[in-house]
Amino acid sequence: MSSWKMEDGSPVGDEELRSNLDMLMLEADLAARPDFTSGLSIAVGNAVERVFLCAGPYFALERWPAGTAEPMRHSFATAQILSNVGAPVRVRAGGWNEVLGRAETLVLPAACGEVEVTGPADVLLGYLPDLDRDVRGPLLAAGYPPPLLRRFIVS
């Protein structure tokens, strides 16, 4: 097994590696498990969903499955990372209009302000959220209770 120090790339000997692994195993808490959720879903159109997967002050991740050819439209105020986890889709943002293939990712600058994805589609959107505007507000408006949101949103 070839190992090296992250600080400077120098090699780590077998004895030091075993010691590091032993210390790691002493710190590992294999019983701790996060609460699982399949996400909090909001219908945003005919067969288009907005599924909040995780949210915190520095990152939010949403999955947008669209079961029909109806375009998925999303307005935004911060840069977005759009990843296609399904079949190729057509993406329009600003003056850009191209096909985004399976497993391809696109960075959308905040200046675009809106993206349109023609489905059927299954895409992920990652971004720096304003938790009240981008996450809490839409989920509360959809009827999710505040206690659930407090468990779901990491502050």
Side-chain angles (χ1 to χ4, degrees), residues 3 5-7 20-155:
S3 297
K5 294 181 183 177
M6 292 178 65
E7 299 86 4
N20 290 342
L21 291 174
D22 289 342
M23 287 189 291
L24 175 67
M25 292 311 295
L26 289 173
E27 295 296 321
D29 181 1
L30 302 178
R33 299 277 189 252
D35 290 338
F36 174 77
T37 178
S38 57
L40 304 179
S41 179
I42 298 173
V44 292
N46 181 24
V48 179
E49 274 187 298
R50 181 180 182 186
V51 182
F52 292 85
L53 300 175
C54 66
Y58 306 109
F59 183 74
L61 183 64
E62 300 178 17
R63 188 170 196 162
W64 287 65
T68 67
E70 176 185 338
M72 174 205 99
R73 291 179 180 86
H74 174 61
S75 297
F76 50 91
T78 63
Q80 307 279 296
I81 299 169
L82 176 71
S83 294
N84 184 12
V85 295
V89 294
R90 178 154 300 277
V91 177
R92 291 182 184 150
W96 192 79
N97 179 6
E98 294 286 335
V99 171
L100 188 65
R102 180 184 307 272
E104 290 185 337
T105 296
L106 179 65
V107 176
L108 300 168
C112 290
E114 185 173 270
V115 64
E116 180 180 289
V117 179
T118 303
D122 195 0
V123 297
L124 298 175
L125 282 167
Y127 58 95
L128 175 65
D130 174 310
L131 286 175
D132 288 328
R133 179 192 66 216
D134 300 328
V135 181
R136 282 188 191 96
L139 290 172
L140 287 169
Y144 286 99
L148 176 62
L149 298 187
R150 283 192 290 278
R151 287 195 321 262
F152 177 75
I153 300 170
V154 177
S155 296

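None of the values given here were measured: they were computed from a predicted structure.
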Task: Partner residues of Asp122 under the salt bridge (Lys or Arg N to Asp or Glu O under 4.0 Å) criterion, sequence neighbours left out - done: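 Partners of Asp122 by the salt bridge (Lys or Arg N to Asp or Glu O under 4.0 Å) criterion, ordered by chain and then number, come out as Arg63.
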
Roughly how far apart are [X] [atom1] and [Y] [atom2], rounded to 0.5 Å?
{"X": "Ile81", "Y": "Phe59", "atom1": "CD1", "atom2": "CZ", "answer": "6.0 Å"}
{"X": "Trp64", "Y": "Ile42", "atom1": "CH2", "atom2": "CD1", "answer": "8.5 Å"}
{"X": "Phe52", "Y": "Ser41", "atom1": "CZ", "atom2": "OG", "answer": "9.5 Å"}
{"X": "Leu108", "Y": "Leu82", "atom1": "CG", "atom2": "CG", "answer": "5.5 Å"}

Quick one: closest heavy-atom pair of [X] and [Y], and the distance?
{"X": "Ala77", "Y": "Ala110", "answer": "O-CB, 3.6 Å"}
{"X": "Pro129", "Y": "Gly56", "answer": "CG-O, 3.2 Å"}
{"X": "Val154", "Y": "Pro57", "answer": "O-CD, 3.0 Å"}
{"X": "Thr105", "Y": "Ser83", "answer": "OG1-OG, 2.9 Å"}
{"X": "Tyr127", "Y": "Gln80", "answer": "CB-NE2, 3.1 Å"}
{"X": "Ser75", "Y": "Glu114", "answer": "OG-OE1, 3.3 Å"}

Open item on the list: According to salt bridge (Lys or Arg N to Asp or Glu O under 4.0 Å), does anything in residues 37-52 pair up with another residue at least two apart or in another chain? List the pairs.
Closed with: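 Listed once each, the pairs are Arg50-Glu62.
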
Task: Val115 side chain reached by Leu106 side chain, heavy atoms, under 4.5 Å - done: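 No. Closest side-chain heavy atoms not under 4.5 Å.
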
Task: side chain to side chain contact (heavy atoms under 4.5 Å, CB included) partners for Glu116, two or more places apart - done: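 With neighbours one apart ignored, the set is Pro71, Arg73, Arg92, Thr118.
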
- [ ] I would like to know whether Leu149 and Leu40 meet side-chain contact (heavy atoms from CB on, under 4.5 Å); could you show each step before the answer?
- [x] CA-CA 9 Å; Leu149 298 187; Leu40 304 179; 3.9 Å; yes

Open item on the list: Keeping Tyr144 on the side-chain end and Arg136 on the backbone end, is there a donor-acceptor pair under 3.5 Å?
Closed with: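 A pair under 3.5 Å: no.
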
Open item on the list: I'd like to know if the side chain of Asn84 reaches the main chain of Ala87, judged simply by a donor and an acceptor atom lying under 3.5 Å from each other, with no hydrogens or angles considered.
Closed with: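 Flag set: sc Asn84 to bb Ala87 pair under 3.5 Å.
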
- [ ] Determine, step by step, whether Leu125 and His74 satisfy the side-chain contact (heavy atoms from CB on, under 4.5 Å) criterion, reporting the C-alpha distance in whole Å, the side-chain angles of both residues, the deciding distance to 0.1 Å, and the verdict.
- [x] CA-CA 10 Å; Leu125 282 167; His74 174 61; 3.6 Å; yes

- [ ] Report the C-alpha distance between Met25 and Asp22 in whole Å, list the side-chain angles of each, state the deciding distance to 0.1 Å, and finish with yes or no for side-chain contact (heavy atoms from CB on, under 4.5 Å).
- [x] CA-CA 5 Å; Met25 292 311 295; Asp22 289 342; 5.8 Å; no

